[in-house]
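Note: hydrogens, waters and symmetry copies are ignored here, and every other heavy atom, side chains too, is used.
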Amino acid sequence: MERMQQVVGRARAAFNSGRCRSLEFRMQQLKALERMVQEKEKDILAAIKADLHKCGHNAYSHEILGVLGELALAMDKLPSWAAPQPVKKNLLTMRDEAYICLEPLGVVLIIGAWNYPFVLVMQPLIGAIAAGNAVVVKPSEISENTSRLVADLLPQYLDRELYPVVTGGVPETTELLKQRFDHILYTGSSTVGKIVMAAAAKHLTPVTLELGGKSPCYIDKDCDLAVACRRITWGKYMNCGQTCIAPDYILCDASIQSKVVENIKATLQEFYGEDVKSSPDYERIVNKRHFKRILGLLEGQKIAHGGETDEASCFIAPTILTDVSPDSKVMEEEIFGPVLPILTVKSVDEAIEFINRREKPLALYVFSNDKKLIKRVISETSSGGVTGNDVIMHFFLSTLPFGGVGNSGMGAYHGKHSFETFSHRRACLIKDLKMEGTNKLRYPPGSQKKVDWAKFFLLKRFNKGQIGLVVLALLGLVAAVVIKVSFA
Amino acid sequence: NPYAGLVSRLRAAWLSGKTRPMEYRVAQLEALGRFLEEKKQDILEATTLDMRKPSFETEFSEILLCKNELHEALNNLSRWMKDEHVDKNLVTRLDSAFIRKEPYGVVLIIAPWNYPVHLLLVPLIGAIAAGNCVIAKPSETSKNTERLLAEVLSSYLDKDCFAVVTAGVEETTRLLENKFDYISFTGTPSVGRIVMAAAAKHLTPVTLELGGKNPCYVSDACDVRNVAQRVAWGRFYNAGQTCIAPDYVLCSLEMQEKLLPALSKAITDFYGSNPRESPDFGRIVGDKHFQRVQALLGSGRVAIGGQTDAEERYIAPTVLVDVLPSDPAMQEEIFGPILPIVVVANVDEAIDFINSRERPLAVYAFSSDDKVVRRVLERTSSGGFCGNDTLMHVTLTSLPFGGIGRC
């Protein structure tokens, strides 16, 4: 376990050397990552297939496309993201320079998850490197093939000291979490999220926690059910339901429940054919433990479609449950599997109430032709993110911050948000040693006159549009001279 | 759980949606403004009783800066509340994509004793502006201000949604057992750890405003008189009990010789020949703190000041020289009116010195050579930075105020 201390210590020494600060260095590392993804595409797809029974097409679009996009964006925008951000000044600071400097935090820890094992370490890694940090990468041991591949590949392409990969299970991760980091980004369950945050608290390390929850999906009576159900089917059963932002359960009026089931069935047929088990596009549950867990959720439920399983291959057929009770087991925890419960509600009000009685989810979905209704659901509920009239898609727009709230997490990343997450926004004010006259109003001995002048400088608000900066500057100058004279 | 009732009452109020409309938030903020106007005298009296805070300082930091923050919030609230539309890609070209700013829910604000009104009010303004319900806990160390805030401030705000509670260490521990949707804490790093650990149990996001030893580098090329004034002002304000005060000076031996008389003059200009009699110089907040700070006088040699009076909790504006990095005054945040000077050969040695220690809340660098100031800025890391002055970066509301690492 001394190994952890050494690995992190080496990364810290490498960070302190200052070599990852220059934009050229960061670009170089990002370019190397891009080369890695392009050159080793076959190996990456093979590892994901071995871990999740995911075919090449799906693995490419789920995991590689996003990474390449993020890399291209980071390399394109790095200079503008890293540039100091000037801020609005007041009368007192008019002659000064005031800006926010974006600086690296230091040594960042990224703990990945097993469900999208490549992209969930790569996307944060890209942001952390772009922001100039050293990064310790800990892929999930459950997706062992991808974990092993990442451990093999990164040192071949990146600076070995700055970006080490640590593999292992719970004991190794616990030891790793004892070390001091400057930021930890964790993707996984809320239970482990609490453990990560508690470990971080010992070092006052800020955290970004990408957790989960039960993402509700409300289907309004007024909507194109065929389209809605096709989109829901896509988002629910991709990766065999093992997606943190999959629509977990459906809320809809009883009158449309059977139509919803019919539409989903039809879509399933379109997507996976007659025999789902032999479709190359349908994945498997990652391991026996999760297989058994999901199987347990089916107990006592009305299965409207699916329900077939095969333990040997961890296969669970796309399953739909109807008339589900809110108190049942399947409604207690995030399903993370190809089981879709439908609960009936009498109105959107009831749906909103239902959603608000539960923990804030990572995603929320609402399908309706009525834009006002969608706006209402958004305004009266809370969640990490929302997609209206589709599912999952808010994840793919990198200008939107991706993260949770409450039990579903804290902080966010993707695109520029990654850069900011892994940066320190340092407030900088640069004055000069001249113009000491104005300072006199703040020095003791105190007087009412000085207080009044302070009020003027701090609280007087001018409409810049009307007065103009030149007049404002003149005013400031006059004020400074007057003060200098009166307090000389 | 003694606070469970209060927390669930506020949570129910939160769920009712009462705090969400802009008009409601504006009304509460305006009430805070009225509190500052109408109760100014009470605030002056309470802070004087608590730590003999000079009324000149109270006007500035407890009243004016809070009003500044209020104005900022009231003038910008509608803009801040608006959805932020984001750039779209090809796939989403026809869609609407935006970031919606939402309140968290029930927020807990824990404030310290050194700027007891400011450090409670400024986070409170933000929390209210963002549409949250708030439980505010002022520091029990500044007892009179605590009472004022608990009894009077709460009467200005909607009791359904806002509460000010008094709590000592044990009660605060119980308070932290409850689930909050956000916690803002200002205080020491050791208590910061306790707060974050408690927050972790509920996955509550936190903002921790802690502290550290803020270095102040003075280069050989500078206007010594102006530097001495700015440094003395920053150090001795509130008798040194300021999280962003310049904690120690780094300079060459040459500069030290010039700085000492200049600092002495600045102190006399500010507080007269006997600072104990100046209405503009404060006291240490309590006996325990007084003893802690007084013990630091043993580090190095007293070059200016050094007088103390335990009964008044008075420690004179003091400058120490011949201080070693291993001395007690260089081990902890001083939080008192003592300024050690540590001699370094040049700016690079100063930078190395700064970087060998925990990152501070603020770094200060004084030089008439802009390049030197920039060098210190670029080669160090800290919550914030001010070149050629002290404290002032926090008066600009467009700059974020916060720390990094253990500060």
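With chain A as partner, the option from B/E358, B/E378, B/R20 having the largest number of non-hydrogen pairs under 4.5 angstrom is B/E358. The candidate with the highest count of non-hydrogen atom pairs below 4.5 Å against chain A, out of B/G384, B/G272, B/S398, B/G405, is B/S398. Of the listed residues (B/V394, B/L15, B/D95, B/D280), the greatest number of heavy-atom pairs within a distance under 4.5 Å of chain A belongs to B/D280. With chain A as the partner, the residue from B/S278, B/G192, B/S381 showing the most heavy-atom pairs under 4.5 Å is B/S381. The most heavy-atom pairs under 4.5 Å with chain B, out of A/G388, A/G409, A/G193, A/A454, come from A/A454. No other option in A/V196, A/I100, A/D390 has as many heavy-atom pairs under 4.5 Å with chain B as A/I100. When each of A/Q85, A/R21, A/E97, A/R425 is scored by its heavy-atom pairs under 4.5 Å with chain B, the top score falls to A/E97. The greatest number of non-hydrogen atom pairs below 4.5 Å with chain B, out of A/E380, A/R180, A/E103, is found for A/R180. Ranked by non-hydrogen atom pairs under 4.5 Å with chain A, the options B/V227, B/D370, B/N388 are led by B/N388.
When side chains are defined from C-beta on, A/N407 does not count as touching B/H202, because their heavy atoms never get closer than 4.5 Å. Here the side chains of B/D269 and A/Y443 are not in contact, with every heavy-atom distance at 4.5 Å or above. Counting only heavy atoms from C-beta outward, the side chains of A/K431 and B/V373 never approach each other to under 4.5 Å. By the 4.5 Å heavy-atom criterion applied to side chains, A/P444 and B/Y271 are counted as neighbours. Contact annotation: the side chain of B/F385 approaches that of A/I430 to within less than 4.5 Å [non-hydrogen atoms, C-beta and beyond]. B/F56 is listed as a side-chain neighbour of A/V451, based on a closest heavy-atom distance under 4.5 Å. You'll find the side chain of A/K194 reaches within 4.5 Å of the side chain of B/L203, heavy atoms only.
For a residue to count as touching a neighbouring chain, one of its non-hydrogen atoms must lie under 4.5 Å from one of that chain's; by this rule B/F281 does not touch chain A. Contacts of A/A199 with chain B are absent, with no heavy-atom separation under 4.5 Å from either backbone or side chain. Residue contact with chain A, scored on non-hydrogen atoms closer than 4.5 Å, involves the backbone of B/K201 exclusively. Residue A/I195: no heavy atom, backbone or side chain, is found under 4.5 Å from chain B. The parts of B/L377 that come within reach of chain A are both its backbone and its side chain, each placing non-hydrogen atoms under 4.5 angstrom from that chain. For B/V195, no part sits under 4.5 Å from any heavy atom of chain A, backbone or side chain. Using a 4.5 Å cut-off between heavy atoms, B/P189 contacts chain A through both its backbone and its side chain. For A/E359, the part lying near chain B is the side chain, with the backbone staying farther off; criterion is any non-hydrogen pair under 4.5 Å. Heavy atoms of A/T208 lying under 4.5 Å from chain B are absent altogether. Looking at A/F396, the atoms closer than 4.5 Å to chain B (heavy atoms on both sides) all sit in the backbone: N, CA, C or O. Contact annotation for A/T387: neither backbone nor side-chain heavy atoms come within less than 4.5 Å of a heavy atom of chain B. Contact of B/L210 with chain A is made through the side chain alone, with heavy-atom distances under 4.5 Å. When heavy atoms are compared at a cutoff of 4.5 Å, A/S379 approaches chain B by way of both its backbone and its side chain. Proximity to chain A (any heavy atom under 4.5 Å) is shown, for B/A266, by neither the backbone nor the side chain.
The shortest heavy-atom contact between A/A427 and B/P400 is CB-O, 3.3 Å. Nearest heavy atoms, B/L64 versus A/K455: CD2-CG, 3.3 Å. Nearest heavy atom pair, residue A/A198 against residue B/A200, reads N-CB, 3.6 Å. The minimum heavy-atom distance between A/M393 and B/V91, with the atom names listed, is CE-CG1, 4.0 Å.
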Legend entry - Stepwise side-chain contact (heavy atoms from CB on, under 4.5 Å) check, A/T93 with B/M392: CA-CA 9 Å; A/T93 45; B/M392 293 307 285; 6.0 Å; no
Inset, instruction - For the pair B/H393 and A/D96, evaluate side-chain contact (heavy atoms from CB on, under 4.5 Å) and give the outcome as yes or no after the intermediate values. - result: CA-CA 11 Å; B/H393 57 295; A/D96 311 321; over 6 Å; no
Inset, instruction - Kindly determine whether A/K434 and B/N226 satisfy side-chain contact (heavy atoms from CB on, under 4.5 Å), including the steps that lead there. - result: CA-CA 8 Å; A/K434 303 193 274 268; B/N226 290 354; 6.0 Å; no
Legend entry - Trace of the side-chain contact (heavy atoms from CB on, under 4.5 Å) decision for B/E102 with A/V405: CA-CA 10 Å; B/E102 294 182 344; A/V405 64; 5.9 Å; no
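Here the OG1-CG distance, from B/T92 to A/L397, works out to 4.5 Å after rounding to the nearest 0.5 Å. Note that the OG1 atom of B/T395 and the CG atom of A/N90 stand 6.0 Å from one another [nearest 0.5 Å]. Put simply, CG on B/D181 and CE on A/M410 are 11.0 Å apart, with the number rounded to the nearest 0.5 Å. Here the CG atom belonging to A/N389 is positioned 11.5 Å from the OG atom belonging to B/S96, to the nearest 0.5 angstrom.
Note on B/E57 versus A/K450: no salt bridge recorded, every NZ/NE/NH1/NH2 to OD/OE distance being 4.0 Å or above. A salt bridge does not link B/E72 to A/K88: none of the charged nitrogens lies less than 4.0 Å from a carboxylate oxygen. Ion pair B/R230/A/E436 flagged as a salt bridge, since at least one NZ, NE, NH1 or NH2 atom sits closer than 4.0 Å to an Asp/Glu carboxylate oxygen. Between A/R442 and B/D389, at least one side-chain nitrogen of the basic residue sits less than 4.0 Å from a carboxylate oxygen of the acidic one, meeting the salt-bridge criterion.
Panel note: side chain A/T399, backbone B/V86; no donor-acceptor pair is recorded below 3.5 Å. In terms of modelled atom types and a separation under 3.5 Å, the side chain of B/D223 and the main chain of A/L433 share no donor-acceptor contact. The main-chain N or O of A/T205 is never found under 3.5 Å from a side-chain atom of B/R406 such that the two would form a donor-acceptor pair.
Around CD of A/Q448, the count of heavy atoms belonging to other residues, nucleotides or ligands within 6.0 Å exceeds 12. The environment of B/K67 atom NZ is dense: over 12 non-hydrogen atoms of other residues, nucleotides or ligands sit within 6.0 angstrom. Surrounding NZ of A/K371 are at most 12 heavy atoms belonging to other residues, nucleotides or ligands under 6.0 Å away.
A/H424 and B/R359 share no donor-acceptor pair across their side chains, judged by distance under 3.5 Å alone. With 3.5 Å as the limit, one finds no donor-acceptor pair spanning the side chains of B/R100 and A/S382. Residues B/S382 and A/R426 have side chains that bring a donor and an acceptor to within less than 3.5 angstrom of each other.
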